[in-house]
Amino acid sequence: MNVYDAIMERRTIRKFTQEKIETDKLIKLVDCARMAAYGANLQPLKFMIIQSKEILDELFDFIKWAGYLENGAPMEEERPTAYIAVLGDCTLKASGNYEVEAGAAVTTMMLAAQEEGLATCWLGAINREKIKQTLKLEENLSVVYLLALGYPAQKSVADKMTDSVKYYLDKNNVLHVPKRSLDEVLVKCL
Ligand SMILES: Cc1cc2nc3c(=O)[nH]c(=O)nc-3n(C[C@H](O)[C@H](O)[C@H](O)COP(=O)(O)O)c2cc1C
């Protein structure tokens, strides 16, 4: 898969098969995140791979799924089979603001996951303190985002946006994600 296809075909997925992800694939994603661009090359992020059923279940309670959908959360048998926790390390960057770095890391991992046939959901509506406790993080580490992963059990397509940014499910449970057109976002070619 080339990079353009990965970018165009990737969509957020929130329902997963229960097939276990090979741990090597998840380690490869973290290896990709390590190689992303970071301001001043600080590389202030650490990563945790979670596949233990017990911890997956605990984390689930601290996540809000699909704010625009009434029943957007995965059912028990559709939950992610892994999470990668993206963590900020204040000994490497003291400001405590890691969102730009984490954005680069998550995007890199999502595209690499797409190539591996994995589906992802970037999670920001999370209870960071509870997750920090669950993961028993050392004091210098804080939770920035979770990336949910699994093999896809849902179809999602990008549509041309008309009047709303809200994604929705059609009668076949296909997720539709409105995207602004190129004409709308490209101001000018100078
Ligand atoms: C910073 C950020 C935080 C997000 N947080 C959540 C979240 O907490 N729960 C969720 O279900 N989706 C979350 N998403 C996924 C977005 O809803 C999704 O990316 C958006 O609807 C566009 O769909 P697409 O990824 O298929 O293009 C988040 C995405 C980003 C970039």
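Read the numbers this way: they start at 1 and go in the same order the structure lists the ligands and their atoms.
- The nearest protein atom to atom 7 (C) of ligand 1, hydrogens excluded, is given as Lys64 O, 3.6 Å; this is a heavy-atom distance.
- If you check which protein heavy atom lies closest to atom 14 (N) of ligand 1, you get Trp122 O, 3.0 Å.
- The nearest heavy-atom contact from the protein to atom 17 (O) of ligand 1 is Arg14 NH2, 3.1 Å.
- For the pair Arg79 and Phe60, the distance from NZ or CZ to the six-membered ring centre is under 6.0 Å and the angle to the ring normal is within 45 degrees.
- Using a 3.5 Å distance cut-off with no hydrogens or angles, the side chains of Asp89 and Thr91 do pair a donor with an acceptor.
- Residues Glu101 and Lys93 are paired through a salt bridge, judged by an N-O separation under 4.0 Å between the basic side chain and the carboxylate.
- Contact between Lys179 and ligand 1 is present, with at least one heavy atom of the residue lying under 4.0 Å from the ligand.
- Not one N or O of Val177 is nearer than 3.5 Å to an N or O of ligand 1, by distance alone.
- Listed by number with element, the atoms of ligand 1 under 4.0 Å from a non-hydrogen atom of Tyr167 are 17 (O), 21 (O).
- Proximity of atom 20 (C) of ligand 1 to the protein is not indicated, since no non-hydrogen protein atom lies closer than 4.0 angstrom.
- Looking at Glu139 and Lys132, a side-chain N of the basic residue comes within less than 4.0 Å of a carboxylate O on the acidic one, giving a salt bridge.
- With a 4.5 Å cut-off on side-chain heavy atoms, Ile63 and Leu146 count as touching.
- Among all protein heavy atoms, the one lying closest to atom 3 (C) of ligand 1 is Gly124 N, 3.7 Å.
- Distance from atom 8 (O) of ligand 1 to its nearest protein heavy atom, with residue and atom name: Ala125 N, 2.8 Å.
- No N or O atom of Ser156 sits closer than 3.5 Å to an N or O atom of ligand 1.
- Salt-bridge annotation for Asp31 and Arg34: present, with a side-chain N of the basic residue lying under 4.0 Å from a carboxylate O of the acidic one.
- Between Asn41 and Gln43, the side chains place a donor N or O and an acceptor N or O closer than 3.5 Å (distance only, hydrogens not considered).
- Contact atoms of ligand 1 toward Trp65: 11 (O) (distance under 4.0 Å to a heavy atom of the residue).
- Polar contact with ligand 1: present for Ala66 (N/O pair, distance under 3.5 Å).
- The protein non-hydrogen atom at the shortest distance from atom 25 (O) of ligand 1 is Thr12 OG1, 2.5 Å.
- Atoms of ligand 1 lying under 4.0 Å from at least one heavy atom of Cys121, given by number and element, are 10 (C), 11 (O), 12 (N).
- A donor-acceptor contact under 3.5 angstrom links the side chains of Thr23 and Gln51, judged on distance only.
- Salt bridge annotation for Asp61-Lys130: absent, with no cationic side-chain nitrogen under 4.0 angstrom from a carboxylate oxygen.
- Close contacts of ligand 1 with Arg10, meaning ligand atoms under 4.0 Å from a residue heavy atom, involve 24 (P), 25 (O), 27 (O).
- Taking the centre and axis of the six-membered ring of Tyr4, the NZ or CZ atom of Arg10 falls outside the cone set by 45° and 6.0 Å.
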